[in-house]
Every structure is written in structure tokens, then in C-alpha cells.
Protein chains: 2
Amino acid sequence: MATSEPGTRPTTIYSVAQLAGVSIATVSRVLQGTGATSAQVRAQVLQAVEDLEYVPRRSARSLAVQRHDAQGLVVHDLTGPYYSELLMGYESAAGEFGQSVIIVVTGQREDPERSVLELASRVDGLVLANSTLPDDAARALGRRTPVVMLARAAVPGCDAVSAENAQSARELTEHLIAHGRRRLFFVGDPEGSPDVQERYRGFTAALSSSDASAVGPAIRVDFRELSGAKVAAQVMGHSNGPDALVCANDELALSTMKALQRAGVKVPDDIAIVGWDDVMTARYVSPGLTTVRQPLFELGRLAATRLHERITGAPVAPEPRILPTELVLRSSCGCPETDDRDVPWVTS
Amino acid sequence: MATSEPGTRPTTIYSVAQLAGVSIATVSRVLQGTGATSAQVRAQVLQAVEDLEYVPRRSARSLAVQRHDAQGLVVHDLTGPYYSELLMGYESAAGEFGQSVIIVVTGQREDPERSVLELASRVDGLVLANSTLPDDAARALGRRTPVVMLARAAVPGCDAVSAENAQSARELTEHLIAHGRRRLFFVGDPEGSPDVQERYRGFTAALSSSDASAVGPAIRVDFRELSGAKVAAQVMGHSNGPDALVCANDELALSTMKALQRAGVKVPDDIAIVGWDDVMTARYVSPGLTTVRQPLFELGRLAATRLHERITGAPVAPEPRILPTELVLRSSCGCPETDDRDVPWVTS
DNA sequence: TGCAGGCTTGTAAGCGCTTACATAGACGGA
DNA sequence: TCCGTCTATGTAAGCGCTTACAAGCCTGCA
């Protein structure tokens, strides 16, 4: 009914109180469900609320209760399925707690630090993904508001959640060695992100406890799909090139694979390729890409949950929470084709 | 320095004023840049702000100025590259306007309508994507706050932005007809979303002005990748089946294509397949998937921009803003393979 | 009938910020 | 020297909500 006709002041708790014939305190009590109220009055108030289509202003409430009921999620970018899944998970958990989620993408902000600081002033806590803010900035932030680090190392005063990396990297590498591969290269820049660093660590660990060749220097390229051609060129330039490539993520693996195949290299016969993330494309290409699946949705949920715990009083966890990952064996590693695995029973 | 030691009250504009030896009004003026202030005082205030690491509480400001500097983005889900791109674009534009973006995913809310209403109370306006709220709810919302409809039909009182659909559907269909296809089927549920409905409209329009067969009923399946097998079964069950499939999106096209290929059907020789969205997989599969690229990032930017204009006073635009799309011809339609098109010069 | 104690409701004091308005200097011209 | 004008600053009134506290009412018991 009484929607904001031009000139009419928007409906507030005062309008409701007036219409219901009670004080604003009573309206507030009815709406919060705090304090005792008679059924009679409650009905009147609810009726008035409905008639006026009243929704309390959040800012007024936030100011009064000193709480925003909102969480901030800070990521570097949103490209690829990685962040979609993560964000879905995050939002789903936050929603259950009645928390809004405000997202800022630092990659497209000219002054990320300022943006995050500003964000901090409108949320009760925030989650910082990797490549967003340097550690010291994060630590400083952690002193003024609850902070959860996502997919990056914990800093003092902040919680951390992430998916397992080193162990699965090790398994993946050992799997390739078991396939008889001996000249394995890592593709990706370990300096680029904590995730990649961990993966590289697992990779070297597996190699050094095997009879495979000493580790070649990692082929350092950035994360993106674009880099495949560069990698392929470098690989083929080698006189005694690699017989297996462990790529830091699927985009890299796929574009490298495609570039290699186009140049006549057989995958996996001449060279095996594996990646990370289990993106949709991984199960559509031929050969299917062996990769590592991360529980992204769950990771998002975990981050939101942990942050909420912190906000509501839980202490900083002494240890980071690390979610297990899952090897997805297709045939780019040398395994036989198995159709079943490619049935998309799960949407990634 | 003076970060919140336990027991210390958090720093407010009062602390700053006190430290700087001025009144809170002056602090506010310096920080806003409104009103004249002497260089002397300005320096003192700024120094105090820095010393105390003061950041104004947003809720207090929002309450005072009756503005949130935040926009709400309401989507049904976030799966697939569609929403990542869109969200990136949205966030980038909103950030430039100094607006935060709060996102709610209705698909995982038990009471979407309530969630959105609540959202409305903490933002200055919102963008509603399709499949989130019914039109009448949207219209009601539009009466109390600026609303922009995204990829769905305008309703009175709301703006609308979307990507072109019917025209490109028509071109795509005509392209298939030019390849000699005569028994074209549409795959997807036109009732499911306004986008699909438009595409279907373009599809039928192209058919009816050609000598191609009358349109078979659309093969109605939902959007997701899972449906491919069903479609393939249905297609192959036909005695005189289709020689071309226009799929409502790439996920559908790709999974159908894979299922068909696995059953020995040759694409595009036996049957051509085309889709929508130009997802990453489209350029990695063989044959490359012919599809329609939507300017998702731009669409996101446009939505944010339009909403911001509305919030800052612009009237509702009489016409929806429609962004052009682009046919991406690969070989699943019958065109010869062209490698160049597959170079990922753009990340989608 | 009077009164203690339990419910329900109202009153009013914030929450931290912005901003209209009042005030106090500083300056220049008569 | 006095007064009108500006300019820089302070004062205080909100913004809409929550919540501690006060107050009023009703009940049951002595």
C-alpha cells in the first residue's frame, strides 16, 4: 500500500508505531522477538508492518547494535570456475547465518589497500584470498577486525583455510612416475601464489624421493590460458625435453596441450600433461585431462563459517583448516580412457 | 598505532577531533572535503586520522546521509563462466563509482523474496537477473527503490539491460540453413528463461522464412550440462532426425555433442551443433563449437552503470539497453576448421 | 483491602556521523 | 575607530534504530 508516494516520508519505525498505536520500542521488540509482548499488541504491530510494507533501515540498526551482519570477501579476480564455485559456497553459508556478502575484486581496483580498508568499515570481518593484500597489510587488518585468509598462509592473528596442495601434488607426480615418466617439468610460477608454491613443493618432494631426473627449473609462466603457446615452444625447443608436464592449473595444462597437439606432439604418448582444478573443459578434451579437484564450494562455505565463528567470538584457530583434494585420473597422464569418469554427474 | 587494545573504545570521529584539538564538525569537513578549512587545521586533522588509523563507520554515515553507497546484485546462481564475467564487469564499474556490491544468490535461499527485500534495505538500488524474482515482485520492489532488470524483460518502473538474442539466433539459424541443413531442432526450454525464449523466437523466425522444414517442437530440457545424454537419446530415437541442433547454451551443446559422438554420430557431418556463450570449452573441443559470444563483462558494467544513474537521479529509460552479440564460427556448424579462431587471445 | 512481584509498555539515551545554523575573528573601507 | 563582510570553526539537531530503565498494571495472597 503506502509505498513512497512522492513527498511522503519513507516509512520508519515511527510510522509503524503510530499506525499500531504503540511506542517504537514495542515495535522494535516485536520485530526482534526480544522482550515479552502481548499477543494482542504483536498482532497490531505485525499488521501495521504489513500495511506499510515496512523494512527496517539496516544502517540505523547497524549503528545501534554496532554490527553489520555482513562479511567482506576480497579476491584478486573472478575468472574461471574457481571463484564461481567458491563464491557460491561462500554465499550459501553466509546466507544461512543471515550475513550479507560484499565482494571486492582487487585486481580491478587502483588502490586495493584503500578499497579493502573501506570495505572493512562496512562489514564485521573479512576473508582475504591470495594475491589481494600483502601479508603485513593483512596482519594490520587482522588487528582491527576478524580476518580469515583463504588459500594462503596464515599470518598471526588471522585464521586460514585452504585446500590441500603439496600432498596431492606429490601423489600426482608419483602417479606420473609410476607411468614410467622420468623427465618431469613443472609449469607455472611458484612465486606467483601460495597455492602454486605448495604444488611445486609437492612436485619436487616426489621427484627427489624417486629415481626420476633431477628437477628441471620450473617453466615459469603466469597462470593464464595465454601462456600455453609459450610453454609448448619452450618444451619443444629442448633437445632432451620433458616426458611429463605438471601444470599449475587446468587453463595452463589445456592450452599447452592444445599447442603441443597442434605441433604434432602426441599426448600422452610423447608427453603426459596434468593440471589442477578440474575445470569443465578437462572432461571434454581429448585426451581427458588428469587433474586435481578441489572442494571449492566447501572451501567457500568453510571460509564463511570460520569467519562467522570468529565474529561471534571464537578465538583464532591455532592451525589452518585444510580441505582434502581429490585426484581425477583421466587419460592425459597415460591412464587408459574410461568413459564413465567423463559423465558430468557433477557440475564444476 | 592506537589500534583497538582490549578495553579501549574504538576510534571514532570524537577521538580524532580530540587529538586534533578541533570539533567533530571540522573533522567531518576535512574528511569530506566539504566546507572551507584552513591548511593548518586540515594538516592537524589528517595527522590525527593517520595516527589513530581512523576509518569512519559506514553505518553512521549511511544513516546520516540516507545513502548506502552500495548496490545489490541478485542472481539465481553463479555456475559457469557466464556469471563470473558478468560479476567482474559489474564490480569493476561499481568500484569506479565508489559503490560496494552486495550479492545474493536466490537459488540457494529458502525465501528469495525475503532475502531480496532485506537486501534492499542495505543498498541504494538493485539489479535483478532472470529467474530470481517474479515480475510482480520486481515491480513492487521497483516502486520502493531503483531496480534494473538484467537479461530479462523490462517491467514498468524498472530499467532493463540485456544482450541481444533473437537477432543472433536468427543469424545462427540462417547460417546453418546456408550450410544446407534442413531439419533443425532447438534444444532448451523456452519457458525457462527470457533469454532462451528470445533465442527460440529468432530460431523459428529464421526457419519460417526459409524452405527448411517446419520447426519441430523444441527439445525441452533444462539448462544444465547433465541434459546432453537425454537430448542425444531423443535425437537418435528419431527416424528422420535433425541434421542440426541449436542449443540454448554451450553446456547443453557440448554435452549433447559428446554424447552423440560417443554413440558414433559425426559432428558436423551427420549433425551440426551450435550453442551460446562461448565458454572456454567451446574452443578446446573437436570440432570447435560454433556459438554466440555475449559481451558479459560489458553487460555487467552496463547494469551497474545504469543502476548508478538511476540512483543518482536519472529517469527510467524508456527502452531497454541491448548489447550486440557476436557469432563465433568454429566447425561444429559445418564451417572448415580454422585454427586461428581457437587461439585464446581473449579469456572468456 | 492492601501490597509485593511479575508482565507489559513507554521513555529516553545513546550509536557515530553530517550539516544547517550560529558565532567568532580577520580584514578593509569609511 | 567602527561596522559590514567573509571565512573558519563550533554547536547542536537530527538520521532510525536498540535497549536499559522507569512506570504502570494486574494478579494473588495476607
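Throughout, a chain's letter reflects where its sequence line sits, starting with A, and its residues are numbered from 1.
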Solution key, residues 54-63 of chain A side-chain donor-acceptor pairs under 3.5 Å, sequence neighbours excluded:
from	atom 1	to	atom 2	distance (Å)
A:R57	NH1	A:T11	O	3.3
A:R57	NH2	A:T11	O	3.3
A:R58	NH2	A:D69	OD2	3.3
A:R61	NH2	A:Q32	OE1	2.6
A:S62	OG	A:R58	O	2.9
A:S62	OG	A:R67	O	3.2

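Atoms OH (A:Y54) and C1' (D:dG16) sit 7 Å apart, rounded to a whole Å. If you measure from atom CZ of B:R61 to atom C1' of D:dG16, you get 17 Å, rounded to the nearest angstrom. The distance between atom CZ of A:R57 and atom C1' of C:dC17, rounded to the nearest whole Å, is 17 Å. Distance B:I13 CD1 to D:dT11 P: 14 Å, rounded to the nearest Å. Atom CG in A:L63 sits roughly 9 Å away from atom P in C:dC17 (whole-Å rounding). The interatomic distance linking A:Q18 (CD) with C:dG10 (C1') rounds to 16 Å, in whole Å.
Here the side chain of B:T12 is nearest to one of D:dT18, C:dG16, D:dG10, namely C:dG16.
Not counting sequence neighbours, the partners of B:A137 by the side chain to side chain contact (heavy atoms under 4.5 Å, CB included) test are B:E113, B:L133, B:P134. Partners of B:H308 under the ring pair (Phe, Tyr, Trp, His ring centres under 6.0 Å) rule, at least two apart in sequence or in another chain, are B:F97. Partners of B:R29 under the salt bridge (Lys or Arg N to Asp or Glu O under 4.0 Å) rule, at least two apart in sequence or in another chain, do not exist in this structure.
Contacts classified as ring pair (Phe, Tyr, Trp, His ring centres under 6.0 Å) and involving residues 59-83 of chain A (residues at least two apart or in different chains) are not found. A ring pair (Phe, Tyr, Trp, His ring centres under 6.0 Å) check over residues 123-153 of chain B, counting only residues at least two apart or in different chains, returns nothing. Among pairs with a residue in residues 122-152 of chain B, none fulfils ring pair (Phe, Tyr, Trp, His ring centres under 6.0 Å), at least two apart in sequence or across chains.
A donor-acceptor contact closer than 3.5 angstrom is absent between the side chains of A:S162 and A:R152. A donor-acceptor contact closer than 3.5 angstrom links the side chains of A:S84 and B:S84. For the 3.5 Å distance criterion, the side chains of A:S193 and A:D195 fail to qualify, holding no donor opposite an acceptor.
Here the CD1-CG distance, from A:I102 to A:L126, works out to 10.0 Å after rounding to the nearest 0.5 Å. Between the CD atom in B:E96 and the OG1 atom in B:T305 there is a gap of 8.0 Å [rounded to 0.5 Å]. Rounding to the nearest 0.5 angstrom, the gap separating the CG atom in B:D77 from the CE atom in A:M88 is 5.5 Å. With rounding to the nearest 0.5 Å, the separation of CG in B:L128 from CG in B:L119 is 9.0 Å.
Contacts between residues 37-49 of chain B and DNA chain C, defined by a heavy-atom separation below 4.0 Å, involve no residue at all. Within residues 114-125 of chain A, no residue places a heavy atom under 4.0 Å from DNA chain C. Contacts of residues 28-36 of chain A with DNA chain C (heavy atom under 4.0 Å): A:R29, A:A36.
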message: Please evaluate residues A:E91 and B:R109 with respect to the criterion salt bridge (charged side-chain N to carboxylate O under 4.0 Å, His left out), reporting the C-alpha separation (whole Å), side-chain torsions for both, the decisive distance (0.1 Å), and the verdict.
response: CA-CA 10 Å; A:E91 213 276 343; B:R109 294 304 177 92; 2.6 Å; yes
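Between D:dG10 and B:T26, a contact under 4.0 Å exists linking OP1 or OP2 to a side-chain N or O. OP1 or OP2 of D:dG16 has at least one side-chain nitrogen or oxygen of B:Q66 nearer than 4.0 Å. Checking the phosphate oxygens (OP1, OP2) of D:dG10, a side-chain nitrogen or oxygen of B:S23 falls inside 4.0 Å.
Using a cut-off of 4.0 Å between Lys/Arg side-chain N and Asp/Glu carboxylate O, B:D159 and B:R321 are scored as not salt-bridged.
Between its two ends, the helix from C:dT1-D:dA30 to C:dA30-D:dT1 turns its axis by 60°, counting five pairs per end and rounding to 10 degrees.
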Can you pull every protein N or O that's under 3.5 Å from an N or O on nucleotides 12-14 of chain C?
none

